[in-house]
Amino acid sequence: MFPELAKAYTPQEIEPRWARAWVEQRLFQADAASPREAWSLVIPPPNVTGSLHMGHMLEHTLIDMVVRWQRMQGKNVLWLPGTDHAGIATQMVVERALAEQGQERKAMGREAFVEAVWGWKRQSGDRIQEQMVRLGASCDWSRARFTLDEGLSRAVREVFVRLYEEGLIYRGRYIVNWCPRCQTAVSDLEVTHEAETGKLYQVRYAAAEQPGEYLTVATTRPETILADVAVAVNPADGRYRGWIGRQVRVPLTGRTVAVIADEIAQPEFGTGAVKITPGHDPNDFAVGERHHLPQLVVLDETGHMSGEHAGAYAGLERFAARKRMVADLEGAGLLAGVADHGLALGRCQRCRTVIEPRISTQWFVKIAPLAEAAVEVVEREEITFTPENNRGIYLGWMANLHDWCISRQLWWGHRIPAWHCAGCGKMVVAREAPAACPGCGGGMEQDADVLDTWFSSGLWPFSTLGWPEETADLKAFYPTSLLITGFDILFFWVARMILLGVHFTGQVPFREVYIHALVRDADRQKMSKTKGNVIDPLVVTEKYGTDAVRFTLAAMAAPGTDIALAEERMAGYAAFANKIWNAARFIFLQLNQAGAGAPAGSPAELRAEGGNAVDRWIFSRLNAVAASLNRSLGEYRFHEAAETLYHFFWHEFCDWYLELTKRREDKAVAAANLAAGFEGALRLLHPVMPFVTEELWQALYAGAAPHASIALAPFPAAALDAADAEAERAMARLQAVVTEIRSLAAKANAAPGFAVRWSGEDGGLEWEQVRALTRAGATAPVERIEGHLHRGRAAGMELQLAIAGDAEAERGRLAKERAGLAARLATARAKLANEGFRQRAKAEVVAETERLAGEYERELRQVEAALGALPEA
RNA sequence: GGGCGAUUAGCUCAGCUGGUUAGAGCGUCUGCCUUACAAGCAGAAGGUCCACGGUUCGAGCCCGUGAUCGCCCACCA
């Protein structure tokens, strides 16, 4: 006996149970020694202190769909999970939390602070894993990794040392992006530019020898005037030819600087003269190098004025200093003008603080030598992108790269494996700490900086598999098969993995990249805590069920467009889960009535066993759906897969197949096909809706399932011989007739039991089935139909309901239909009369058009006859 | 300043290489407690596919111009 299921589906009870069971049974553990074809994917590791948001759920849903589908194909699948230490982000989060307890990082000291972060990490990391488990992510938890694990840290040191030895890592004093709040250098990518309106100040620089003569320069940052070392004009700018080589007085200081000729000054901009401040501007830094100018610094690492050149402004915060200086310039009559000015201020990606370019000693990776191979593998399509346009974006970025600043003045992260001798100043870069200075034998101290968090994530696809050891995992699962991630980290992460992966393993880190969309709220707004429009995956999961939310995300994940997530959609797919549940209730009832047992096995190819045309039809459809899903999933057209499943299960399997089962005489055969068909449908649905399908699949086998889980059963493959065109045609005929009769009955407001009369060839239509589906009491053929109302046509037959009705309304309806048919017929005929169409269109298209033209013509004749037969008004 | 994407039903979106009457979900309207499901069933209404021009036998789809919205990149002080 099959179980009697609860009246409604309750994901809140069922989902957590399976989520736990899957983990406990270690169902998704990969086997490096398996002879089966390997398929692998590494998770984009979430920040260890973050909690999972809707973007993660989308990402994990898409990944899990592909992973489950691949696993059901019989492959040896590894989905490797893990978390990222996320240097700057995590340090900020913990600093903020500590501040609430009145603690301060610097006061704590490095060791205590790092220990505190580790404590935080343990808690938070567990929570992330719990959430993922609850969402059904079929990862191999035995292989979970963290970027600061010992193994991964070893990989980081190995890569750093090798790059250093190859001359691809260097250390030097350069101007870098500096965040005065985070007090660390950041890479170009971590600076975001947004259009803002600022002010452009015109400041007069007095000629040193000719009092009263001024050179006016334009600047947006007057406070850096104090660090000026020159004024540049364009050598081609006739206005200033006489100034080149002369000295001008830097306003508000006693210093004089030279006017130099340099292309950096563009005659069209501002006044055409530009102040040169190598200490505080990257362009000016380059000018300074060209002209061998000194580098003056007036701002410290916190963005306050300081140093011998800060003068009276020392100690002032940079924007306060600016205000004061503008006032002073005005007072001194040196301010020639102020104008609003549109500019793109660089801000720190993390804290939105305005970036202050600053000279400091940092570590860099030379990108150009690495980029060549990283470009080639994409050009040769060893790595492919979906959507494809990302390939162009990637190549464009690769073609135009600056060196990568990898050192950060933070505490949380991988310490740079370089040691400095306090005595002789010698530096050693090594995999392990040197015992003593090889130069003077003195003690050595490790570099205080840590590495950019993306340096370690860049190694993720191979460091997680054991590199630099030649592990079995590395051999079995590298290169990984696919990467699914968001556009926002295409450069940060995807590009770096390719750069480093190709260089160190000689292979691509992954063969395909799928870039998913951004999840927005129902009004297409970005979700943000400040706007309060955040949809929490755990909340909606609890409300609608994980399966429903997963289905929603999949259904909306059309490649390339953002997802506007609305709760109504989730409610709709919760109803779908319930529909599946209720179908199972009905099916179990039928099976019990027929005294049937569980389906035999869980075959890769689905075929009807005996049965009638309707059985052959549903199995034909199941196979078509399997073929369609295998194609859509292979092309990452997730929305298409979801839509196919939804439509098939609800509107074909339930609305037609289950309904037709109700009146069948051959109960035993029907039950067997019903069970087998449903079993196949569950497997097709499983990658998107893992929970409800597992529950029902297990119930269907009542403890004697052919696999430990539906997740390990084969995904249905399309069996060519199961396609049954004849059964599909017969079913299409039935559907057309039934739909037409229902429509007529609705128009006529017919009570159940109405009679249907028909004329024409019925092509072997099962009228018994028509009666079952339309609530018609009787159907009878007639030679000709005349004089009655409520006529329709379907499948070449004329149909009539024997019910009186309004002649005028019927006349109007028929006239409208006649006009429509006449128009379609005219279009089809025009097409067929067209030489170009006949010659150039595909043969099937022409044949189909011919068939349709014939059909329109027949129907038109019927409509005209029906119109003529209507009683006079 | 460069580059990319979007504009299709009241709303949210599909529509893959040009070819049947442009589809779905939600919403709306009408009728149904038909013994799996009212989280349901049946039926219906609703579209100048942003605009203009072009290519083609044929355009929602290809090309051009423009409009509106959005995103990414960029060292014009």
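Proteins get letters first, then strands, A, B, ... in listed order; numbering begins at 1 in each.
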Please pick, from [options], the nucleotide with the shortest atom-to-atom distance to any side-chain atom of [X].
X        : options             : result
A:Arg775 : B:U34, B:C37, B:C76 : B:U34
A:Glu643 : B:G19, B:A14, B:U12 : B:A14
A:His193 : B:A39, B:C16, B:C75 : B:C75
A:Trp650 : B:A77, B:U21, B:G40 : B:G40
A:Lys831 : B:C16, B:G19, B:G40 : B:G19
A:Phe487 : B:G19, B:C72, B:A36 : B:C72
A:His402 : B:A36, B:U12, B:C75 : B:C75
A:Asn582 : B:C37, B:U20, B:G43 : B:C37

[X] near the nucleic acid: base, sugar-phosphate alone, or nothing, with a heavy-atom cut-off under 4.0 Å?
X        : value
A:Lys662 : base
A:Gly198 : nothing
A:Arg742 : sugar-phosphate
A:Phe285 : nothing
A:Glu659 : base
A:Asp655 : sugar-phosphate
A:Asn578 : base
A:His280 : nothing
A:Ile264 : base
A:Phe588 : nothing
A:Ala566 : nothing
A:Ala344 : base
A:Leu658 : base
A:Ala265 : base

Could you let me know what [N] is paired to, Watson-Crick or G-U wobble, both distances under 3.5 Å, or none if it's on its own?
N     : result
B:A42 : B:U30
B:C37 : none
B:U12 : B:A24
B:C73 : B:G1
B:G66 : B:C50

Phosphate-side-chain proximity, [X] and [N], N/O vs OP1/OP2 below 4.0 Å:
X        : N     : result
A:Arg840 : B:C57 : yes
A:Ser743 : B:A44 : yes
A:Lys199 : B:A77 : no
A:His651 : B:G40 : no

What is the distance from [atom1] of [X] to [atom2] of [N], rounded to the nearest Å?
X        : N     : atom1 : atom2 : value
A:Glu190 : B:C73 : CD    : C1'   : 16 Å
A:His639 : B:G25 : NE2   : P     : 15 Å
A:Lys7   : B:U35 : NZ    : C1'   : 10 Å

Provide the closest heavy-atom pair for A:Tyr205 versus A:Val231 in the form atom of the first, atom of the second, distance. CD2-CG2, 3.7 Å
Relative to the 5' end of RNA chain B, which residue comes earlier, A:Asp188 or A:Met556, by the nucleotide with the nearest heavy atom?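 Its nucleotide being nearer the 5' end, the pick is A:Met556.
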So A:Phe678 and A:Phe649, would you call those rings parallel, tilted or perpendicular, with 30° and 60° as cut-offs? tilted
Starting from the C-alpha separation in whole Å, work towards a yes-or-no answer on ring-ring contact (aromatic ring centres under 6.0 Å, His included) for A:Tyr544 and A:Tyr573. CA-CA 8 Å; A:Tyr544 301 104; A:Tyr573 293 120; over 10 Å; no
